[in-house]
Amino acid sequence: MAADPVAPGDTLAGRVDDVFGRIADAARAASRDPATLTTIVVTKFHPAQLVRDLHALGLRDLGENRHQEAQAKAAETSDLEGLRWHFIGQLQSKKARQVRSYATSVHSLDRDSVVDALAVDDGLVLDGFVQVNLTDDPGRGGVRAQELQHLTERILSSPGLALRGVMAVAPLDEEPRRAFARLRELAETVTALAPDATAISAGMSHDFADAIAEGATHLRIGTAITGNRPDAR
Ligand SMILES: *Cc1c(COP(=O)(O)O)cnc(C)c1O
């Protein structure tokens with residue numbers, strides 16, 4: 001069903017144009033303004049040069065899912081103006097506080113210890129998304145629906161964190177559109193407590209159109225833009 005997002009011979013600029021075109025189409029199909037969507041390009045496993053190339057194409061929102069790699073890449077590209085790093089992976093509470101030094105947002109708030117480690121009254125505000133587990137597997141990242149209210153309240157009472165909304169990854173064994181519809185309902189648990197926390201971080205290379213149809217505001221797109229990732233180490 002989903003086509004290979006990377007055809008041989010493509011260029012980075014061509015893929016960026018193609019994906020942004022498809023995002024705009026999906027937004028219009030859902031009667032939404034494409035300008036209200038934030039597209040985060042996920043650069044994990046790619047070298048810092050890719051960050052430079054994306055910046056030269058005008059892209060500013062970038063995503064990483066491992067702290068050490070993110071920290072190193074942010075340092076290597078700290079001369080580039082206006083970059084916003086989004087941390088999207090599982091975070092160890094030991095390392096969590098360090099993420100504040102380079103990231104503008106963390107999409108993977110999924111337990112008390114991570115929230116508490118990130119809650120620092122240092123004059124900076126880190127945007128946060130509560131990650132929701134849409135699968136039945138407790139080993140996957142994210143809180144279960146029944147824990148969502150508790151974690152939301154904890155974030156709201158934490159200094160240095162601004163709750164923006166919810167985040168999720170679609171399960172592999174479910175139609176993404178259905179999963180994102182569930183996420184949209186769960187987001188109401190958050191907005192009931194924090195009316196401004198209306199953001200929904202959802203949608204990856206293969207399912208961003210479904211996510212847009214179900215109200216996603218922040219898309220996290222890797223391979224469709226970057227090309228295939230070099231092998232994970
Ligand atoms: C890698 C990753 C993405 C991007 O995935 P693609 O399929 O390459 O678009 C999005 N979200 C999270 C949490 C990821 O780890």
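Remark: the backbone N or O of Gly14 is not paired with any side-chain donor or acceptor of Asp17 at under 3.5 angstrom. Put simply, the side chain of Gln98 never gets that close to the backbone of Lys95: no donor and acceptor are under 3.5 Å apart. A donor-acceptor pair under 3.5 Å is absent between the side-chain atoms of Arg66 and the main chain of Gly89, judged by distance alone. The backbone N or O of Ala216 sits less than 3.5 Å from a side-chain atom of Arg32, completing a donor-acceptor pair. A donor-acceptor pair under 3.5 Å links the side-chain atoms of Ser205 to the main chain of Ala224, judged by distance alone. Although no hydrogens or angles enter the test, the distance criterion places no donor-acceptor pair under 3.5 Å between the side chain of Thr223 and the main chain of Asn228. Without hydrogens or angle criteria, Arg184 side chain to Glu214 main chain gives a donor-acceptor distance under 3.5 Å. In terms of modelled atom types and a separation under 3.5 Å, the side chain of Arg22 and the main chain of Ala209 share no donor-acceptor contact.
For the atom pair OG1 (Thr36) and NE2 (His218), the distance works out to 10.0 Å, reported to the nearest 0.5 Å. To the nearest 0.5 Å, atom CD of residue Glu69 and atom NZ of residue Lys44 are 9.5 Å apart. Between the CZ atom in Phe180 and the CD1 atom in Ile200 there is a gap of 10.5 Å [rounded to 0.5 Å].
Residues Lys73 and Leu62 fail the side-chain proximity criterion, which asks for heavy atoms closer than 4.5 Å. Contact check for Leu83 versus Thr77: side-chain heavy atoms found under the 4.5 Å cut-off. Counting heavy atoms from C-beta on, the side chains of Met167 and His86 never come closer than 4.5 Å. At a threshold of 4.5 Å between non-hydrogen side-chain atoms, the residues Thr39 and Phe208 do not count as touching. Looking only at side-chain heavy atoms (C-beta outward), Glu64 and Thr43 come within less than 4.5 Å of each other. The closest side-chain heavy-atom distance from Ile221 to Phe20 is not below 4.5 Å. Put simply, the side chain of Val41 reaches to within 4.5 Å of the side chain of Thr226, judged on heavy atoms.
What you find for Glu175 and Asp210 is that their closest heavy atoms are OE2-OD2, 4.4 Å. The two atoms that bring Gly222 and Arg229 nearest to each other are CA-NH1, 4.3 Å, heavy atoms only. Nearest heavy atoms, Arg15 versus Gly227: NE-N, 3.6 Å. When all heavy atoms are compared, the tightest approach of Ala202 to Leu219 is O-CD2, 3.4 Å. Closest heavy-atom contact between Asp110 and Gly142: OD2-N, 3.5 Å.
Val42 belongs to a hydrophobic cluster with Ile88, counting contacts under 4.5 Å between side-chain heavy atoms of Ile, Leu, Val, Met, Phe, Trp and Tyr, direct or through other members.
Note on Ile40 and Val19: separate hydrophobic clusters, where clusters join Ile, Leu, Val, Met, Phe, Trp and Tyr whose side-chain heavy atoms are under 4.5 Å apart, directly or indirectly. Leu118 and Phe87 fall within the same hydrophobic cluster, where Ile, Leu, Val, Met, Phe, Trp and Tyr residues are linked whenever their side-chain heavy atoms come under 4.5 Å apart, directly or through other members. There is no path of hydrophobic side-chain contacts, each under 4.5 Å, that joins Val16 to Met204. Taking hydrophobic clusters as Ile, Leu, Val, Met, Phe, Trp and Tyr residues chained together by side-chain heavy-atom distances below 4.5 Å, Leu54 shares a cluster with Ile23. Connection of Val169 to Val143 is not established within any shared hydrophobic cluster, with ILVMFWY side chains joined at heavy-atom distances below 4.5 Å, either directly or through further cluster members.
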Stepwise side-chain contact (heavy atoms from CB on, under 4.5 Å) check, Thr198 with Thr217: CA-CA 9 Å; Thr198 54; Thr217 59; over 6 Å; no

Ile225/Leu12 under side-chain contact (heavy atoms from CB on, under 4.5 Å): CA gap, chis, key distance, verdict: CA-CA 7 Å; Ile225 289 178; Leu12 182 64; 4.2 Å; yes

Evaluation steps, side-chain contact (heavy atoms from CB on, under 4.5 Å), between Leu193 and Leu156: CA-CA 9 Å; Leu193 296 164; Leu156 290 172; 4.1 Å; yes

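With sequence neighbours excluded, the residues satisfying side chain to side chain donor-acceptor pair (under 3.5 Å) with Arg52 are Asp79. Take Ala117 and apply the side-chain contact (heavy atoms from CB on, under 4.5 Å) test, not counting sequence neighbours, and it matches Ser93, Ala96. Annotation: side-chain contact (heavy atoms from CB on, under 4.5 Å) contacts of Arg28 (sequence neighbours excluded): Ala24, Asp25, Pro34. Take Val115 and apply the side-chain contact (heavy atoms from CB on, under 4.5 Å) test, not counting sequence neighbours, and it matches Leu109, Leu151, Arg154, Ile155, Ser158, Leu161.
Enclosure of atom CZ in Arg97 is not indicated, since only 12 or fewer non-hydrogen atoms of other residues, nucleotides or ligands lie within 6.0 angstrom. By the neighbour-count criterion of 12 heavy atoms within 6.0 Å, atom CD of Gln49 is densely surrounded, having more than that number from other residues, nucleotides or ligands. Atom CD of Gln146 has more than 12 heavy atoms from other residues, nucleotides or ligands within 6.0 Å.
Ser105 and Arg84 share no side-chain donor-acceptor pair at under 3.5 Å.
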With a 3.5 Å cut-off and sequence neighbours excluded, list the donor-acceptor pairs that the side chains of residues 124-141 form with protein atoms.
{"unit_1": "Asp127", "atom_1": "OD2", "unit_2": "Arg164", "atom_2": "NH1", "d": "3.2"}
{"unit_1": "Asn133", "atom_1": "OD1", "unit_2": "Thr135", "atom_2": "N", "d": "2.9"}
{"unit_1": "Asn133", "atom_1": "OD1", "unit_2": "Thr135", "atom_2": "OG1", "d": "2.7"}
{"unit_1": "Asn133", "atom_1": "ND2", "unit_2": "Asp137", "atom_2": "O", "d": "2.9"}
{"unit_1": "Thr135", "atom_1": "OG1", "unit_2": "Asp137", "atom_2": "N", "d": "3.0"}
{"unit_1": "Thr135", "atom_1": "OG1", "unit_2": "Asp137", "atom_2": "O", "d": "3.3"}
{"unit_1": "Asp137", "atom_1": "OD1", "unit_2": "Gly139", "atom_2": "N", "d": "2.7"}

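Taking the six-membered ring where the residue is Trp, His67 and Tyr102 present parallel rings, their angle staying beneath 30° rather than reaching 60°.
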